[in-house]
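One structure is given here, and the rest of the page talks about it.
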Amino acid sequence: RHDFVAFASDEMELRRRVGLPPFGRLARIITSHPRDQVARESAEAVLLNIQATAETLVMSNVEALGPTPCVLTRLRGQYRYDLLLRTPDTAALSKLLGFMREKGLFRSKAKTTIVDVDPVQMT
């Protein structure tokens, strides 16, 4: 129908209900490695660090989803897994990610770890 206003209205209502931006905050964490098992285990290790950090900082409003294989599971010879963090609180997400970066809690056996706040794409 090419009805942008109706589409945007429906999309914003859906985003509000499930806590997606701009009504909530997301962070996508991608681990990659040439070996699939190492990439997956690295994502699991980062997830454990996230859960422990959220508990340490008393953050009950941060939800961690995953890890799951990325949509493009293998890219440029690297297997990729992602985690998704969701929270309604910008300050909580910033505090969690800052603490983890400061303490080196994103480090794992992964060749690379990428943190993307409010990702535009999920590929």
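- In the hydrophobic clustering, Val38 connects to no other residue, as no ILVMFWY side-chain heavy atoms lie under 4.5 Å from its own.
- Annotation for Leu48: hydrophobic cluster partners, listed by chain and number, are none (ILVMFWY side-chain heavy atoms under 4.5 Å, direct or chained).
- Val115 and Leu20 fall into different hydrophobic clusters, where Ile, Leu, Val, Met, Phe, Trp and Tyr side chains are chained together by heavy-atom contacts under 4.5 Å.
- Under the 4.5 Å side-chain heavy-atom criterion for ILVMFWY residues, no single connected hydrophobic cluster contains both Leu84 and Tyr81.
- Listed by chain and number, the hydrophobic cluster partners of Val58 come to none, as no ILVMFWY side chain reaches under 4.5 Å of it.
- Scanning all heavy atoms of the two residues, the minimum distance from Ala43 to Leu83 falls at O-CD1, 3.6 Å.
- Cluster annotation: Leu47 is not connected to Leu26 through the hydrophobic network of ILVMFWY side chains, with a link wherever side-chain heavy atoms come within less than 4.5 Å.
- Here side-chain hydrogen bond (donor to acceptor under 3.5 Å, both in side chains) pairs that include residues 20-32, with residues two or more places apart or in two chains, are Arg25-Thr90, Arg25-Asp118, Arg28-Asp82, Ser32-Thr112.
- Listed by first and then second residue, the side-chain hydrogen bond (donor to acceptor under 3.5 Å, both in side chains) pairs involving residues 48-67 are Glu63-Arg86 (not counting sequence neighbours).
- Residue pairs satisfying the side-chain hydrogen bond (donor to acceptor under 3.5 Å, both in side chains) criterion with at least one member in residues 4-14, sequence neighbours excluded, are listed as follows: Glu11-Arg15, Glu13-Arg16.
- Counting heavy atoms from C-beta on, the side chains of Val62 and Leu57 never come closer than 4.5 Å.
- By the neighbour-count criterion of 12 heavy atoms within 6.0 Å, atom CZ of Phe7 is sparsely surrounded, having that number or fewer from other residues, nucleotides or ligands.
- Note on Leu65 and Leu85: separate hydrophobic clusters, where clusters join Ile, Leu, Val, Met, Phe, Trp and Tyr whose side-chain heavy atoms are under 4.5 Å apart, directly or indirectly.
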I'd like a table of donor-acceptor pairs (distance under 3.5 Å, sequence neighbours excluded) in which one partner is a side-chain atom from residues 96-106, with atom names and distances.
none

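- Atom CE of Met12 is separated from atom CZ of Phe23 by 4.0 Å, given to the nearest 0.5 angstrom.
- The two atoms that bring Ala91 and Asp89 nearest to each other are N-OD1, 3.1 Å, heavy atoms only.
- Counting only residues at least two apart or on different chains, no salt bridge (Lys or Arg N to Asp or Glu O under 4.0 Å) pair has a member in residues 38-52.
- Grouping Ile, Leu, Val, Met, Phe, Trp and Tyr residues whose side-chain heavy atoms lie under 4.5 Å apart, directly or via other members, places Ile30 in a hydrophobic cluster with Ile114.
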Under 3.5 Å donor-acceptor pairs involving side-chain atoms of residues 71-79, not counting sequence neighbours:
residue	atom	partner	partner atom	Å
Thr73	OG1	Cys70	O	3.0
Gln78	OE1	His33	N	3.4

